[in-house]
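As structure tokens, the structure follows; a few thoughts come after it.
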Amino acid sequence: MKRKLLISFIWLLLWQGVALLVHNPVVFVGPWETLVALGKLLAVGDFYTTLLRSLLRILLGTFLGTGMGFALAYAANRAPLLRDFLAPVVSLGKAIPVASFVILILIWFGNEWLAMIIVLLVTFPIAYLNLLKGLSGLDRGLMEMSSVFHITGWRRLRYVEMPQLRTHIAAALSLAVGMGFKSGVAAEVIGQANLTIGNAMYRSKIYLETADLFAWTAVVILLSWLIEKGLTLVLKRVSG
């Protein structure tokens, strides 16, 4: 713990050092200016509305994307034909640039739920591929033993499969949450839906309020970290 705090303190010093070297608050600001800007944002009522609107869309997209990915991975592991059928879709989902998805969805659905759909499309392949890899590596001996002792359904998932899949699920959730926030906020910047974090960042750029941009970035990083840690704790509890 002390080591992590020391490393964080060193990085803050380096950040402040760069800000002093640049000496231009329009180009780059330090941690103190960012903290002051964040304090000002917290005093504005629209801050909480903006936060909740973006958080709702990004989390909904993340949970839908990962949920679909996990469900289809489980089905594809049992049905090779389904796995082969989904392979081109998953490959395209990994390769197509997010900007292409954003433009198409703006044309088809508008900007109100753009972030949610983009996050869903980005997180789905992450969850699908990670869990599919984990399922393909399950210990066949343990699986056969659970069948012999009639351990089925939830008990089999909870006590036999989850301990083996925990690493893969944790990796999928960690990547999905991080990429969900990145892609969701990027989609909001492009789509410019009112009262969203992406819209607030874009306005910070227009009015050259770099400290506000850094403050919003800090908020996104903190939210992503808190949600990732929360999901990790839930996963540990479920998988024993």
task: Look at the side-chain heavy atoms of Ile, Leu, Val, Met, Phe, Trp and Tyr, link any pair under 4.5 Å apart, and say whether V44 and L38 land in one connected group.
output: no
- line: CZ (F101) and CG (L106) are apart, to the nearest 0.5 Å, by 13.5 Å
- prompt: For G180, does its backbone N or O pair with a side-chain atom of T62 as donor and acceptor, under 3.5 Å?
  reply: no
- prompt: What distance do F63 atom CZ and L231 atom CG have between them, rounded to the nearest 0.5 Å?
  reply: 5.0 Å
statement: Interatomic distance, CZ@R166 vs CG@L173, rounded to 0.5 Å, equals 12.5 Å
field: Heavy-atom closest contact (Q192 atom, G198 atom, distance)
entry: NE2-O, 4.1 Å
- prompt: Which distance, rounded to the nearest 0.5 Å, do you find between the CG of L213 and the OG of S204?
  reply: 5.5 Å
Contact check, side chains of D46 and L195, non-hydrogen atoms, under 4.5 Å: yes
query: Is there side-chain contact between E33 and F214, with at least one heavy-atom pair below 4.5 Å?
result: no
message: With a 3.5 Å distance limit and no angle check, can you tell me whether S224 reaches the backbone of V220 through a side-chain donor-acceptor pair?
response: no
- prompt: K205 versus V189: any side-chain heavy-atom pair under 4.5 Å?
  reply: no
task: Check the hydrophobic clustering (I, L, V, M, F, W, Y; side-chain heavy atoms under 4.5 Å; chains of links allowed) and say if L35 and V219 are grouped together.
output: no
message: Looking at E209 and R203, is there a salt bridge between them, counting it only when a charged N and a carboxylate O are closer than 4.0 Å?
response: no
message: Testing the basics here: between P125 and G93, what is the closest heavy-atom pair and its distance to 0.1 Å?
response: CG-C, 4.2 Å
message: Using a 3.5 Å distance criterion without hydrogens, assess whether the side chain of R53 forms a donor-acceptor pair with backbone atoms of N194.
response: yes
same_hphob_cluster(I107, W113) at 4.5 Å side-chain heavy-atom cutoff: yes
message: Same cluster or not: L129 versus F70, using hydrophobic residues (I, L, V, M, F, W, Y) connected whenever any side-chain heavy atoms lie under 4.5 Å apart?
response: no
field: Beyond-backbone contact of I227 with L55, side-chain heavy atoms, under 4.5 angstrom
entry: yes
- prompt: Of all heavy-atom pairs between S174 and E228, which one has the smallest distance, and what is that distance?
  reply: OG-OE2, 2.9 Å
- prompt: In terms of heavy-atom contacts, does CZ of F85 have more than 12 from other residues, nucleotides or ligands at under 6.0 Å?
  reply: no
- prompt: Are any of the side-chain heavy atoms of F124 and T66 separated by less than 4.5 Å?
  reply: no
- request: Look at the side-chain heavy atoms of Ile, Leu, Val, Met, Phe, Trp and Tyr, link any pair under 4.5 Å apart, and say whether W15 and W216 land in one connected group.
  value: no
task: Look at atom CG of L81 and say whether more than 12 heavy atoms of other residues, nucleotides or ligands are closer to it than 6.0 Å.
output: no
message: So for atom CZ, which belongs to F28, do other residues, nucleotides or ligands contribute more than 12 heavy atoms lying within a distance under 6.0 Å?
response: yes
message: Using side-chain heavy atoms (C-beta onward) and a distance below 4.5 Å, is M116 in contact with L59?
response: no
message: To the nearest 0.5 Å, what is the distance between OG1 on T196 and CG on L51?
response: 11.5 Å
- request: Step by step, work out the side-chain contact (heavy atoms from CB on, under 4.5 Å) result for I197 and E188.
  value: CA-CA 7 Å; I197 292 175; E188 290 176 347; 3.8 Å; yes
message: I10 vs L14, test: side-chain contact (heavy atoms from CB on, under 4.5 Å). Steps then yes/no.
response: CA-CA 6 Å; I10 292 171; L14 290 172; 4.3 Å; yes
query: Does the side chain of R57 reach to within under 4.5 Å of the side chain of V119, using non-hydrogen atoms?
result: no
- prompt: Does the pair W225 and F181 meet the rule for a ring pair (Phe, Tyr, Trp, His ring centres under 6.0 Å), with working shown?
  reply: CA-CA 10 Å; W225 181 80; F181 273 94; over 10 Å; no
query: Measuring from L82:CG to R78:CZ, what's the distance to the nearest 0.5 Å?
result: 12.5 Å
message: Looking at every non-hydrogen atom in both residues, tell me the closest pair between L41 and F47 and how far apart they are.
response: O-CB, 3.1 Å
message: Tell me the closest heavy-atom pair linking A172 and I126, and the distance in Å.
response: O-CG2, 3.7 Å
- prompt: Only one of I58, T123, V98, V185 clears side-chain contact (heavy atoms from CB on, under 4.5 Å) with I118; which?
  reply: V98
Any side-chain heavy-atom pair of L131 and L135 under 4.5 Å: yes
field: Heavy-atom pair with the smallest gap, counting every atom of G134 and H168
entry: CA-CD2, 3.4 Å
